[in-house]
Amino acid sequence: PEAIMVGELANRMAERVADVVKALMQNGMMVTQNQTIDADTAELIVEEFGHRIVRVSDSDVEQVITTSEDKPEDMKPRAPVITIMGHVDHGKTSLLDAIRNAKVVAGEAGGITQHIGAYQVETEAGQKLTFLDTPGHAAFTSMRSRGAQVTDIVVLVVAADDSVMPQTVEAINHAKAAGVPMIVAINKIDKPAADPDKVRAGLLQHEVIVEKMSGEVQDVEVSAHTGQGLDELLESIALQAEILELKANPDRNAEGAVIEAQLDVGRGPVATVLVQKGTLHQGDIFVVGEQWGKVRAMENDRGERVKIAGPSVPVEVLGLNGTPEAGDVLNVVETEAQAREIAEYRAQAAKDKRAAAGAATTLEQLMQKA
Ligand code: GDP
Ligand code: MG
């Protein structure tokens, strides 16, 4: 598909055909709605209309997803999305649990049972924070490789009795590569062997200069076990979020990222989606990676049914035709035909790519044998 019909392009952008024809005319092209234009021209027109083009391959314009760029006045503050990273056993899971438990009213329905791989809490000051419970490193490597950038802030957990370890360094590198600000949580401060200054000195060796060492990276001493420092950590996150001035337009077709997905025996394919732009509604038609679907039902992080989910809100989505991959991007589109077409196109493109890669290895193997 190196060309697209003018009428179809207008349809994809949800613009009037007459307006598209007029725009083409102004660019020196006399065409009717049933004529086709090449990919480059289509892209030019798409941009003129303030839409974004999603190309799966260089020549492909079938992948126009009708999302206009957001106007500055439509941007509203959104909650920061936080990933906790650090060396194994330094207390990532414990810290995530401690934060959630501290913020969930005891005895509340659903209680401390987490339903999905992400949750939202509210600080004393009323600031909402979204925590991702994905293994931090996977959130960076696999998700970024699939085009999703989900994290705004990294909380780097370092055990005060163990200091900087190989995966600590890995986490620092991930955060730096992604350009995501870090906050250091020096955990297990309750332990007699805790030596927080050793942690700070260790971090310095990797060019992470914390505030206590006159640097700019916030550092907080915490204990996931006693709860010490947790409020301070949340305040630090809120402060960092304020500096980032995170915003999204809630009044547009939703775009989000798959945090995790699986095939549920009773419910079919289920995906936890972090909404990043717009608002996802029950009944919305969407394409997600090579899959598509229609939102049949949504559940929030407490297992409650919800009908809408705005920016930075994680929800479990039912109604997929297949199981997407973590890191796949979800886009709401106008019609089922459009969703199916894009999903099928992507699936075919991926299949072709795999076939080509397979052929290459076979050839390589043959060469080696020869
Ligand atoms: P993860 O591998 O980073 O997710 O680490 P975990 O949360 O599984 O914790 C590893 C071990 O450290 C567990 O035995 C925890 O109980 C313990 N632990 C975690 N946080 C603390 C803490 O603040 N104080 C103490 N004393 N132990 C902790
Ligand atoms: Mg863990």
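Both counts, for ligands and for their atoms, begin at 1 and track the order of listing.
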Element-labelled atoms of ligand 1 that are located less than 4.0 Å from some non-hydrogen atom of K191: 26 (N)

Would you mind telling me if ligand 1 is within reach of the side chain of N187, the backbone, both or neither, using heavy atoms under 4.0 Å? side chain

Path from V270 to L280 over hydrophobic side-chain contacts below 4.5 Å: no

Quick one: which ligand 1 atoms are inside 4.0 Å of a heavy atom on H87? 3 (O)

Out of curiosity, N321 CG to E336 CD, how far, rounded to the nearest 0.5 Å? 10.0 Å

Hey, what do you get for OH (Y119) to CG (N300), rounding to the nearest 0.5 Å? 14.5 Å

Is T93 close enough to the Mg ion (ligand 2) that one of its N, O or S atoms comes in under 2.8 Å? yes

Atom 16 (O) of ligand 1: closest protein heavy atom, distance to 0.1 Å, is H225 NE2, 3.0 Å

Classify the contact between H90 and ligand 1 as side chain, backbone, both or neither, using a heavy-atom distance cut-off of under 4.0 Å. backbone

Flag the pair K22 and D19 as a salt bridge only when some basic side-chain nitrogen lies within less than 4.0 angstrom of an acidic carboxylate oxygen. no

Atom 24 (N) of ligand 1: of L95, T226, D190, V222, the nearest heavy atom sits on D190

Please list, in number order, the atoms of ligand 1 under 4.0 Å from a heavy atom of S223. 23 (O)

among protein heavy atoms, the one nearest atom 2 (O) of ligand 1 is D89 N, 2.7 Å

Quick one: does any side-chain atom of S312 pair with a main-chain N or O of A79 as donor and acceptor, under 3.5 Å? yes

Provide the number and element of each atom of ligand 1 under 4.0 Å from a heavy atom of K92. 1 (P), 2 (O), 3 (O), 4 (O), 5 (O), 7 (O)

Is the backbone N or O of H225 less than 3.5 Å from a side-chain atom of S223, with the two atoms forming a donor-acceptor pair by type? yes

Around K76, counting heavy atoms of other residues, nucleotides and ligands shown, do more than 12 lie under 6.0 Å from its NZ? yes

Nearest-neighbour protein heavy atom for atom 5 (O) of ligand 1, which is reported as residue plus atom name and distance: G91 N, 3.1 Å

Sub-3.5 Å N/O-N/O distance, T93 and ligand 1: yes

Please indicate, with yes or no, if any protein heavy atom is found under 4.0 Å from atom 13 (C) of ligand 1? no

Is M5 linked to V21 within one hydrophobic cluster, defined over Ile, Leu, Val, Met, Phe, Trp and Tyr using a side-chain heavy-atom separation of less than 4.5 Å? no

Considering only non-hydrogen protein atoms, determine which one is nearest to atom 23 (O) of ligand 1 and report residue, atom name and distance to 0.1 Å. A224 N, 2.8 Å

Of all the non-hydrogen atoms in the protein, which one sits nearest to atom 6 (P) of ligand 1, and at what distance? S94 OG, 3.6 Å

Tell me whether K188 contacts the main-chain N or O of A159 through its side chain, where contact means a donor paired with an acceptor under 3.5 Å. no

May I ask you to decide if D40's main-chain N or O and D38's side chain share a donor-acceptor pair within less than 3.5 Å? yes

